[in-house]
Asker: 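So that we are looking at the same thing, I have put the structure below in structure tokens.
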Amino acid sequence: MTALLPLHDLPNIDPEQWRPIDVDQLAGPGVDRHPPRILVLYGSLRERSYSRLLAEEAMRLLTAFGAEVRTFSPRDLPLPDAADGEHSRVKELRELASWAEGMVWVSPERHGAMTAVMKAQIDWLPLSLGGVRPTQGKTLALMQVCGGSQSFNAVNQMRLLGRWMRMLTIPNQSSVPKAFNEFDDSGRMRLSPLYLRVVDVCEELMKFTWLNRQRSDYLTQRYSERVESAEEVSKRVNQTTH
């Protein structure tokens with residue numbers, strides 16, 4: 001296991017109430033014990049992006065819970081279909097999606113929906129890459145930031161997309177209203193019930209990711225696909241849409 005992030009880097013955490021993940025209760029005997037691999041995506045390009053700040057807070061918490069965490073900056077990612085899969089940023093995103101065992105999607109809400117920046121990243125993740133589905137059976141946590149009062153439009157939309165991408169989307173989620181009030185000048189999230197919910201989401205994602213490890217292939221087996229040949233499945237999931 002990699003070293004955990006010290007709790008002194010998480011000033012809002014009460015050490016007396018912090019509980020490391022009890023892997024033995026979640027992972028069966030013989031299951032690999034390497035740190036869960038988590039990819040964090042956020043949906044804004046602003047210099048002071050609250051979705052990025054929330055994503056960074058989640059990354060710190062996930063690291064403290066024992067994960068290996070990576071993030072992807074959406075800057076310079078082309079719009080879907082404006083380039084092909086060989087574009088360097090597209091390849092980077094897809095490689096990270098294949099690497100990850102779980103993901104966190106963090107989007108601002110704009111005009112009652114997730115941002116185009118967030119949706120573009122998801123749209124670049126295909127259902128299949130050479131017959132391998134890069135998102136199927138992997139865990140997913142959802143968070144959003146709001147400029148005004150609390151809403152759940154963005155997380156609800158992303159939950160629909162998580163289902164479409166055949167991901168195991170955890171029940172808990174986070175929505176941060178009036179995000180401009182929830183982060184200090186250094187970009188750290190202030191202690192509040194909203195912060196505690198973010199901790200809950202990260203803890204739950206880690207538990208589900210451990211629980212899912214080396215079980216996702218079995219959980220996502222389908223009778224309909226077993227009666228097809230691998231070649232037929234690959235042709236069907238990779239067919240060109242018009």
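Owing to the predicted nature of the structure, the values given are computational and were not obtained by experimental measurement. Positions are given from 1 along the sequence.
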Asker: Step by step, work out the side-chain contact (heavy atoms from CB on, under 4.5 Å) result for Trp18 and Glu16.
Answerer: CA-CA 6 Å; Trp18 180 264; Glu16 294 297 319; over 6 Å; no
Asker: Would you check if Lys138 and Arg166 make a side-chain contact, meaning some heavy-atom pair closer than 4.5 Å?
Answerer: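 Not touching, per the 4.5 Å side-chain cut-off.
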Asker: What's the spacing between Ser98 OG and Arg37 CZ if we round to 0.5 Å?
Answerer: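 With rounding to 0.5 Å, OG (Ser98) is 10.5 Å from CZ (Arg37).
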Asker: Could you tell me whether Glu68 and Arg70 have a side-chain N and a carboxylate O separated by less than 4.0 Å?
Answerer: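 Counted as a salt bridge, because a side-chain N and a carboxylate O are separated by less than 4.0 Å.
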Asker: How far apart are the closest heavy atoms of Thr220 and Gly137, and which atoms are they?
Answerer: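 Scanning both residues completely, I find the closest heavy atoms to be CG2-CA, 3.8 Å.
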Asker: What pairs of donor and acceptor atoms, side-chain ones from residues 199-206 against any protein atom, are under 3.5 angstrom apart with sequence neighbours left out?
Answerer:
{"from": "Glu204", "atom 1": "OE2", "to": "Asn172", "atom 2": "N", "distance (Å)": "2.9"}

Asker: Does the Thr135 side chain pair with the main chain of Met167, one donor and one acceptor, at a distance under 3.5 Å?
Answerer: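 Checking the backbone N and O of Met167 against the side chain of Thr135, no donor-acceptor pair under 3.5 Å is found.
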Asker: So, Gln214 side chain and Asp32 main chain: donor-acceptor pair closer than 3.5 Å or not?
Answerer: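 Confirmed, Gln214 side chain pairs with Asp32 backbone.
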Asker: Short question: side chain of Arg52, backbone of Arg48 - any donor-acceptor pair under 3.5 Å?
Answerer: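 The answer is no, because no donor-acceptor pair under 3.5 Å joins these two groups.
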Asker: Is atom CZ of Arg222 surrounded by more than 12 heavy atoms (other residues, nucleotides or ligands) closer than 6.0 Å?
Answerer: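 Check passes, neighbour count above 12.
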Asker: Report yes if the side chains of Arg60 and Leu10 come closer than 4.5 Å at any heavy-atom pair, otherwise no.
Answerer: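 Yes, their side chains come closer than 4.5 Å.
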Asker: Charged N to carboxylate O under 4.0 angstrom, Asp84 versus Lys91?
Answerer: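 So Asp84 does not pair with Lys91 through a salt bridge.
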Asker: Where do Leu39 and Trp99 come nearest, in terms of heavy atoms and distance?
Answerer: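 Scanning both residues, the minimum pair turns out to be N-CZ3, 4.3 Å.
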Asker: If hydrophobic clusters are built from ILVMFWY residues whose side chains come within less than 4.5 Å, do Leu7 and Ile21 share one?
Answerer: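 Cluster IDs for Leu7 and Ile21 match.
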Asker: Hey, any chance Leu45 and Tyr42 share a hydrophobic cluster, counting ILVMFWY side chains that come within less than 4.5 Å of each other, even indirectly?
Answerer: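 No, separate clusters.
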Asker: Gln25: which residues meet the side chain to side chain donor-acceptor pair (under 3.5 Å) condition with it, sequence neighbours left out?
Answerer: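 Asp22.
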Asker: Are Asp81 and Asp123 close enough that some pair of their side-chain heavy atoms sits under 4.5 Å apart?
Answerer: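 No. Closest side-chain heavy atoms not under 4.5 Å.
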Asker: Taking salt bridge (Lys or Arg N to Asp or Glu O under 4.0 Å) as the cut-off, I'd like each qualifying pair that reaches into residues 167-190, sequence neighbours left out, listed once.
Answerer: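 For residues 167-190: Glu57-Arg188.
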Asker: Can you tell me how far CD of Gln121 sits from OG of Ser73, rounded to the nearest 0.5 angstrom?
Answerer: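 The OG atom of Ser73 sits 8.0 Å away from the CD atom of Gln121.
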Asker: Could you give the distance from OH (Tyr50) to CZ (Phe183), rounded to the nearest 0.5 Å?
Answerer: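 Those atoms lie 8.5 Å apart.
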Asker: Would you call Leu142 and Asn156 a side-chain contact if the rule is heavy atoms closer than 4.5 Å?
Answerer: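 With C-beta onward as the side chain, the pair stays apart.
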Asker: Checking Gln173 against Arg159 for the side-chain hydrogen bond (donor to acceptor under 3.5 Å, both in side chains) test, could you report, in this order, the C-alpha distance in whole Å, the side-chain angles of both residues, the deciding distance, and whether it holds?
Answerer: CA-CA 10 Å; Gln173 60 189 26; Arg159 190 170 291 277; 2.9 Å; yes
Asker: To the nearest 0.5 Å, what is the distance between CZ (Arg163) and OG1 (Thr169)?
Answerer: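 The OG1 atom of Thr169 is 8.5 Å from CZ of Arg163, to the nearest 0.5 Å.
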Asker: Output all residues satisfying side chain to side chain donor-acceptor pair (under 3.5 Å) with Lys207, sequence neighbours left out; order by chain, then residue number.
Answerer: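 Per chain and number, Lys207 pairs via side chain to side chain donor-acceptor pair (under 3.5 Å) with no residue.
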Asker: Got a sec: does the CZ of Arg110 have more than 12 other heavy atoms crowding it under 6.0 Å?
Answerer: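 Open: at most 12 neighbouring heavy atoms sit under 6.0 Å from CZ of Arg110.
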Asker: Should Val117 and Val106 be counted in the same cluster of Ile, Leu, Val, Met, Phe, Trp and Tyr side chains packed under 4.5 Å apart?
Answerer: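 In one cluster: no.
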Asker: Give me the atom names and distance for the closest heavy-atom approach of Ala55 to Val40.
Answerer: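 Answer, listing the atom of Ala55 first, then Val40: CB-CG1, 3.6 Å.
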Asker: Can you tell me how far apart CZ (Arg197) and CE (Met143) are? Round to the nearest 0.5 Å.
Answerer: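 With rounding to 0.5 Å, CZ (Arg197) is 10.5 Å from CE (Met143).
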Asker: Is there a path of hydrophobic side-chain contacts, each under 4.5 Å between heavy atoms, that joins Tyr195 and Phe180?
Answerer: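 Yes; Phe180 is reachable from Tyr195 via cluster members.
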Asker: Do Pro126 and Arg94 have side chains that get closer than 4.5 Å, going by heavy atoms?
Answerer: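 The answer is yes, as the side chains (C-beta and beyond) meet within the 4.5 Å cut-off.
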Asker: Can you find a heavy atom in the side chain of Ile170 that is under 4.5 Å from one in the side chain of Leu140?
Answerer: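 No, too far: nothing below the 4.5 Å cut-off.
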Asker: Quick check: closest heavy atoms across Ser107 and Ser51, and the distance to 0.1 Å?
Answerer: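 Looking at all heavy atoms of both residues, the shortest contact is C-CB, 4.3 Å.
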Asker: Evaluate the side-chain contact (heavy atoms from CB on, under 4.5 Å) criterion for residues Met158 and Met165: first the C-alpha distance (whole Å), next the side-chain angles of each, then the deciding distance (0.1 Å), finally the verdict.
Answerer: CA-CA 10 Å; Met158 291 189 291; Met165 303 301 286; over 6 Å; no
Asker: Run the side chain to side chain donor-acceptor pair (under 3.5 Å) test against Gln157 and tell me which residues pass, sequence neighbours left out.
Answerer: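 Residues passing side chain to side chain donor-acceptor pair (under 3.5 Å) with Gln157: none at all.
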Asker: Taking the six-membered ring for Trp, are the ring centroids of Phe72 and Trp124 within less than 6.0 Å of each other?
Answerer: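 Centroid distance Phe72-Trp124: not below 6.0 Å, so no.
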Asker: Among side-chain atoms of Thr139 and Thr209, is any donor-acceptor pair under 3.5 angstrom?
Answerer: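 Present: a donor and an acceptor within the cut-off.
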Asker: Does any part of the side chain of Leu194, heavy atoms only, come nearer than 4.5 Å to the side chain of Gln150, both counted from C-beta?
Answerer: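 Yes, at least one pair of side-chain atoms sits under 4.5 Å.
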Asker: Which residues pass the side-chain contact (heavy atoms from CB on, under 4.5 Å) test with Glu47, sequence neighbours left out?
Answerer: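 By the side-chain contact (heavy atoms from CB on, under 4.5 Å) rule, Glu47 matches no residue at all.
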Asker: State, yes or no, whether a side-chain contact exists between Pro78 and Val90 at a heavy-atom distance under 4.5 Å.
Answerer: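 Yes, their side chains come closer than 4.5 Å.
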Asker: Given the rule that I, L, V, M, F, W and Y join up when any side-chain heavy atoms are under 4.5 Å apart, are Leu160 and Leu41 in one cluster?
Answerer: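 Leu160 does not cluster with Leu41.
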Asker: Stepwise, does the side-chain contact (heavy atoms from CB on, under 4.5 Å) test hold for Leu26 with Val31?
Answerer: CA-CA 10 Å; Leu26 302 166; Val31 170; over 6 Å; no
Asker: Which distance, rounded to the nearest 0.5 Å, do you find between the NZ of Lys119 and the CG of Leu161?
Answerer: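 Here the interatomic distance stands at 5.5 Å.
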Asker: Which atoms form the tightest heavy-atom contact between Ala154 and Glu109, and what is the distance?
Answerer: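 That would be N-OE1, 3.7 Å.
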Asker: Walk me through it: do Leu196 and Leu191 pass the test side-chain contact (heavy atoms from CB on, under 4.5 Å)?
Answerer: CA-CA 8 Å; Leu196 300 183; Leu191 179 60; 4.1 Å; yes
Asker: Which pair of heavy atoms, one from Phe152 and one from Ser175, lies closest together, and at what distance?
Answerer: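 Residues Phe152 and Ser175, closest heavy atoms: CE2-CB, 3.6 Å.
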